[in-house]
Amino acid sequence: MSGTDLADAAIEWFDANARDLPWRAPGTSAWAVLVSEIMLQQTPVARVLPAYHAWLTRWPKPADLAVDTPAEAIRMWGRLGYPRRAMRLHECAVAIVARHGGEVPADLDALLALPGVGAYTARAVAAFAYGQRQPVVDTNVRRFVARASRGKADAGPTTTPADLADAEALLPVEPARAARASAAFMELGAVVCTARAPRCTDCPVVAICGWRAEGRPTPTGPTRRPQQYAGTDRQVRGLLLAVLREARGPVPGGQLDLVWADAVQRDRALRSLLDDGLVSPAGEGLFALAGEAPLPGGHR
DNA sequence: GATGCGTGGTC
DNA sequence: TGACCAAGCAT
């Protein structure tokens, strides 16, 4: 079996079964692709959709966001989670204006140099926005390739250079078709070759699937311990940021004190938000989202 | 390489 | 019902 057999079958299936997602529409700008990819990092599609539309309506181009405040970006992020991504996206907009004339760069290294853009996101933009032949490897592709191509039960916990090489080996030569293959692999991993209950009866590559041939072995190695949330600093950060997000301007520290009883943990969480640059001191014991413009006439 | 980083949905 | 999950990145 050759790698392109997998790609050909995946693309044929994708052409007939792909979800109609807005960032896949022909003519979608590279900026819109970048926004979608950042939002989709660890956040489900269903929750991204409304935020994606709202974000691009307000900031259709990087330059539109670059002249607005980080605070507005954090506020517009809403409850997508991991709000550092909002700040990084704002930093991206500033960098794109400063370094690339307001156009999202097509060069992989230039993309990788943008804040919050890593191996996955950079290649996703290069492939999906610019039609380049790049291995686009996220958790779905890793799982699909590990199973279908290598017959393994699952992919490893983190993306390795070997994962990129494995994925690239499956890509058709022609760049636009390679990009489509990557989208097809992602889609298959997301909706058919899922982590928990793979729907092999609906899979277009079942006949040539290594995992199927091996009898669908179950994962054996150690799994990553599921992340705790309740009672963690993360939860406290979320509560603090929610107050600042919903306020119009700077908030007295005393108001933040109400969200969590443990002062030690609360202070640690607030300090980490300050360290991350998500929150700024606003004088007189006030705190605000980063770059928040002071209210006209002061805070009283 | 292991951790920290949000939030809400699912079974 | 609470463990587990959902298109990663930075450190």
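So that the names make sense, note that chain A is the first sequence line, chain B the second, and so on, each numbered from 1.
Within residues 31-41 of chain A, the residues that have a heavy atom under 4.0 Å from DNA chain C are, in order of number, Glu37(A), Leu40(A), Gln41(A). Taken residue by residue, residues 231-245 of chain A places heavy atoms nearer than 4.0 Å to DNA chain B at Arg234(A), Arg237(A), Gly238(A), Arg245(A). Taking every heavy atom of residues 121-133 of chain A and every atom of DNA chain C, pairs under 4.0 Å involve Thr121(A), by number.
Here dC9(C) presents its C1' atom at 14 Å from CG of Asp138(A), a figure rounded to the nearest Å. For the pair Arg85(A) CZ and dT7(B) P, the interatomic distance rounds to 10 Å; values are reported in whole Å. Rounded to an integer number of Å, the gap from Tyr120(A) OH to dA6(C) P is 14 Å. One interatomic measurement links the two molecules: CG of Asn140(A) to P of dA6(C), which rounds to 8 Å at whole-angstrom precision. The CG-C1' distance, from Asp163(A) to dA7(C), rounds to 15 Å in whole Å. The nearest whole Å value for the distance from the CG atom in Leu273(A) to the P atom in dG6(B) is 7 Å. In this structure, CZ of Arg142(A) is placed 13 Å from C1' of dA6(C), rounded to the nearest angstrom. Summarising the geometry, the separation between CD on Gln42(A) and P on dG9(B) is reported as 17 Å, rounded to the nearest angstrom.
With the nearest nucleotide of DNA chain B identified for both Arg196(A) and Asp276(A), Asp276(A) has the one nearer the 5' end. Between Gln228(A) and Leu21(A), the residue anchored nearer the 5' end of DNA chain C, judged by the nucleotide with its closest heavy atom, is Gln228(A).
Neither OP1 nor OP2 of dG6(B) sits under 4.0 Å from any side-chain N or O of Arg79(A). Remark: Tyr229(A) is in phosphate contact with dT7(B), judged by side-chain N or O atoms under 4.0 Å from OP1 or OP2.
Every pair passing side-chain hydrogen bond (donor to acceptor under 3.5 Å, both in side chains) that includes a residue from residues 171-189 of chain A is listed here, sequence neighbours excluded: Asp8(A)-Arg177(A), Asp15(A)-Arg180(A), Arg19(A)-Glu187(A), Arg24(A)-Glu187(A). Contacts classified as side-chain hydrogen bond (donor to acceptor under 3.5 Å, both in side chains) and involving residues 91-118 of chain A (residues at least two apart or in different chains) are not found. Applying the side-chain hydrogen bond (donor to acceptor under 3.5 Å, both in side chains) test to residues at least two apart or on different chains, none of the pairs has a partner in residues 208-218 of chain A.
Taking 4.0 Å as the cut-off between side-chain N and carboxylate O, Asp257(A) and Arg266(A) count as a salt-bridged pair.
Judged by distance alone, the side chains of Asp163(A) and Thr160(A) do bring a donor and an acceptor atom under 3.5 Å apart.
In this structure a side-chain-to-backbone donor-acceptor pair under 3.5 Å is present from Arg199(A) to Val191(A). A donor-acceptor pair under 3.5 Å links the side-chain atoms of Gln265(A) to the main chain of Gly231(A), judged by distance alone. Here the side chain of Asp68(A) pairs no donor or acceptor atom with the backbone of Leu65(A) at under 3.5 angstrom. At distances below 3.5 Å, at least one donor-acceptor pair connects side-chain atoms of Arg142(A) with backbone N or O atoms of Gly156(A).
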Practice task
Could you walk me through whether Leu256(A) and Val243(A) pass the side-chain contact (heavy atoms from CB on, under 4.5 Å) test, one step at a time?
Solution key: CA-CA 7 Å; Leu256(A) 296 177; Val243(A) 171; 3.9 Å; yes
Practice task
Test Trp23(A) against Val48(A) for side-chain contact (heavy atoms from CB on, under 4.5 Å), laying out the working first.
Solution key: CA-CA 11 Å; Trp23(A) 43 86; Val48(A) 164; 4.0 Å; yes
Exercise for the section: Check step by step if side-chain hydrogen bond (donor to acceptor under 3.5 Å, both in side chains) holds for Glu37(A) and Tyr120(A). Expected result: CA-CA 9 Å; Glu37(A) 295 299 345; Tyr120(A) 163 75; 2.6 Å; yes
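dA10(C) and dA6(C) have their P atoms separated by 22 Å, with the value rounded to a whole Å. Remark: the separation of the C1' atoms in dT1(C) and dC5(C) is 15 Å, to the nearest Å. Comparing the P positions of dC9(C) and dG8(B) gives an interatomic distance of 23 Å, to the nearest angstrom. Nucleotides dG1(B) and dT11(C), compared at atom C1', are 11 Å apart to the nearest Å.
If you check dG6(B), dA7(C), dT7(B) against the side chain of Arg47(A), the one that comes closest is dT7(B). Residue Arg84(A) has its side chain nearest to dC5(B) when only dA7(C), dG6(B), dC5(B) are considered.
Trp77(A) comes within 4.0 angstrom of no nucleic acid atom, judged by non-hydrogen atoms across all strands. Val117(A) comes within 4.0 angstrom of the backbone, heavy atoms only, and of no base. Residue-level contact check: Ala119(A) touches the backbone only, with heavy atoms under 4.0 Å from sugar-phosphate atoms and none from bases.
One can find a donor-acceptor pair under 3.5 Å joining the base of dG6(B) and the side-chain atoms of Thr43(A).
The number of heavy atoms from other shown groups lying within 6.0 Å of CD (Gln228(A)) does not exceed 12.
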